[in-house]
Amino acid sequence: MAPRAVWKGFLKVGSVACSVKIIGATSESSKIHFKILNRADGLPVKSAYIDEETGETVEFENQVKGFELDKDDFIQVEPDEIKKLKLTSQHTLEVGEFVSLDDVDTRYLEKPYYLIPSDGVAAEPFEVIRKAMEKKKVAARSCVVLYQRGREVLIQPFEKGMLLTELRTPNEMTSEGSVFKDIKKTDYDPELLEIAGMLIDKKVTKFDPSKFEDTYEDALIAMIDAKRKGKAPPKPAPKPKENVVNLAEILRKSLAHEGGGAPKSKAGSSKRKSA
């Protein structure tokens, strides 16, 4: 079964336009999902919206969104009022600018989608745009309406198609300055930097998502399997030591474990020369 498109419209760069569709690039199908049960009888329960004043259940047809202006002072917003907010990007991914891939701040990348031509007629202009972007090593910035909400997006070439990624806005980000301001400048032994560099060299590899593991999901599966079989749940992994007492010793041991020899101490070599 082919993945369902979440959006269909046009990709427009200058006067060039082609019909495209957006396909979700992520899936939750492999995740463990729980139901909420009544502890007393073990049967599922369902959630409900309760009127804070009367304590009665409010049925779906009587629920409406509200924006709180002040304490207990709300403006009601109907679904149709939101739908009438027609944005220009509702059916068109109009590229406003291109940015170098090297300039993309990955903190702003949020959720990925695939972008593909929607029919055979669109294949040629789509490929010309994709190939030109690939050659120039740039990404396109645009915006689109997904799930009734306007979203800033970044579009970049990806294999035979393109990758469209939702972007966070600056007001969704915490300033790094407010977080890093209390980090003090620290002096360190240059030799330790050399050992740390050698340790990194031993562990450098290619980025390979196929090796990724969801350890939390694996632990959930193991726990559920143990409970199903009436066995004790697996023991949790021991907590790592919180403080490094002797950094030089720890680094040298780590490097030795990876099959590398630490550089000889400059202090040690000078002592041998004087002897």
Side-chain angles (χ1 to χ4, degrees), residues 1-7 22-83 85 106-114 145-153 164-169 171-176 178-179 182 208-244:
M1 183 177 176
R4 185 176 62 87
V6 299
W7 182 92
I22 296 173
I23 309 291
T26 60
S27 172
E28 296 288 321
S29 61
S30 64
K31 297 291 185 183
I32 294 290
H33 296 280
F34 291 105
K35 282 193 172 183
I36 303 299
L37 309 179
N38 183 338
R39 190 187 295 274
D41 58 19
L43 296 176
V45 300
K46 59 182 180 180
S47 59
Y49 283 94
I50 307 298
D51 189 301
E52 292 183 0
E53 184 71 24
T54 65
E56 296 179 357
T57 300
V58 180
E59 299 301 331
F60 176 77
E61 60 270 18
N62 292 324
Q63 296 171 17
V64 62
K65 294 181 184 294
F67 179 81
E68 191 169 17
L69 294 173
D70 206 347
K71 179 66 176 176
D72 295 329
D73 182 16
F74 296 91
I75 289 182
Q76 292 188 7
V77 180
E78 298 290 343
D80 288 343
E81 293 179 299
I82 294 177
K83 289 181 180 179
L85 298 175
T106 56
R107 293 176 301 167
Y108 289 87
L109 302 180
E110 187 168 20
K111 186 176 180 180
Y113 297 85
Y114 296 127
V145 176
L146 286 175
Y147 308 111
Q148 298 184 0
R149 183 174 178 180
R151 302 167 193 270
E152 293 285 335
V153 296
L164 178 146
T165 309
E166 286 182 27
L167 295 173
R168 298 182 178 92
T169 56
N171 61 359
E172 294 178 283
M173 300 296 299
T174 300
S175 167
E176 66 275 16
S178 65
V179 178
D182 293 328
D208 184 3
S210 67
K211 296 180 180 179
F212 294 176
E213 294 181 18
D214 189 335
T215 54
Y216 176 73
E217 195 79 7
D218 292 343
L220 278 178
I221 293 172
M223 180 193 67
I224 290 171
D225 188 55
K227 289 176 75 69
R228 183 174 61 85
K229 295 177 180 177
K231 297 180 179 180
K235 292 183 179 180
K239 291 183 178 180
K241 294 180 179 179
E242 294 183 2
N243 296 314
V244 176

- Item | Min side-chain heavy-atom separation L37-V45 under 4.5 Å | no
- Task: Please check if atom CZ in F74 has more than 12 non-hydrogen atoms from other residues, nucleotides or ligands closer than 6.0 Å.
- Result: yes
- If you look at every heavy atom in P234 and A222, which pair is closest and at what distance? CG-CB, 3.9 Å
- T174 versus V179: any side-chain heavy-atom pair under 4.5 Å? yes
- Close side-chain approach of V6 and I23, heavy atoms under 4.5 Å: no
- Query: Could you state the interatomic distance from NZ (K65) to CD1 (I75), rounded to the nearest 0.5 Å?
  - Reply: 15.0 Å
- Query: Do I50 and V58 come close enough that some side-chain heavy atom pair is under 4.5 Å?
  - Reply: no
- Query: Ignoring hydrogens and geometry, is there a side-chain-to-backbone donor-acceptor pair from E166 to P112 under 3.5 Å?
  - Reply: no
- Query: Any donor-acceptor pair under 3.5 Å linking the side chain of D70 with the backbone of D73?
  - Reply: no
- Taken in chain and number order and not counting sequence neighbours, the residues that satisfy side-chain hydrogen bond (donor to acceptor under 3.5 Å, both in side chains) with E68 are none
- Item | Minimum side-chain heavy-atom gap V153-L167 below 4.5 Å | no
- Message: Tell me whether the count of non-hydrogen atoms from other residues, nucleotides or ligands lying under 6.0 Å of CD1 in I36 goes above 12.
- Response: no
- E172, CD: over 12 other non-hydrogen atoms inside 6.0 angstrom: yes
- Message: Quick one, L220 and F34 - any side-chain contact, counting heavy atoms below 4.5 Å?
- Response: yes
- Query: How many angstroms lie between atom CG of D72 and atom CD of E52, to the nearest 0.5 angstrom?
  - Reply: 7.5 Å
- Run the numbers on E176 and R107 for salt bridge (Lys or Arg N to Asp or Glu O under 4.0 Å), then give the verdict. CA-CA 11 Å; E176 66 275 16; R107 293 176 301 167; 3.1 Å; yes
- Message: Contact between L146 and Y113 at the side-chain level, heavy atoms closer than 4.5 Å - yes or no?
- Response: yes
- Query: Is the CD atom of Q76 crowded by more than 12 outside heavy atoms at less than 6.0 Å?
  - Reply: no
- Determine, stepwise, if the pair T165 / Y108 fulfils side-chain contact (heavy atoms from CB on, under 4.5 Å). CA-CA 9 Å; T165 309; Y108 289 87; over 6 Å; no
- Measuring from I32:CD1 to M223:CE, what's the distance to the nearest 0.5 Å? 9.0 Å
- Applied to residues 219-237, the side-chain hydrogen bond (donor to acceptor under 3.5 Å, both in side chains) test, sequence neighbours excluded, yields D225-R228, D225-K229
- Message: Counting C-beta onward and ignoring hydrogens, is there a side-chain heavy-atom pair between V64 and V77 closer than 4.5 Å?
- Response: no
- Message: With a 4.0 Å cut-off on N to O distance, would you call R168 and E152 a salt bridge?
- Response: no
- Message: Can you tell me how far apart OG1 (T169) and CD (E110) are? Round to the nearest 0.5 Å.
- Response: 9.0 Å
- Item | Euclidean distance, S175 OG relative to M173 CE, rounded to 0.5 Å | 9.5 Å
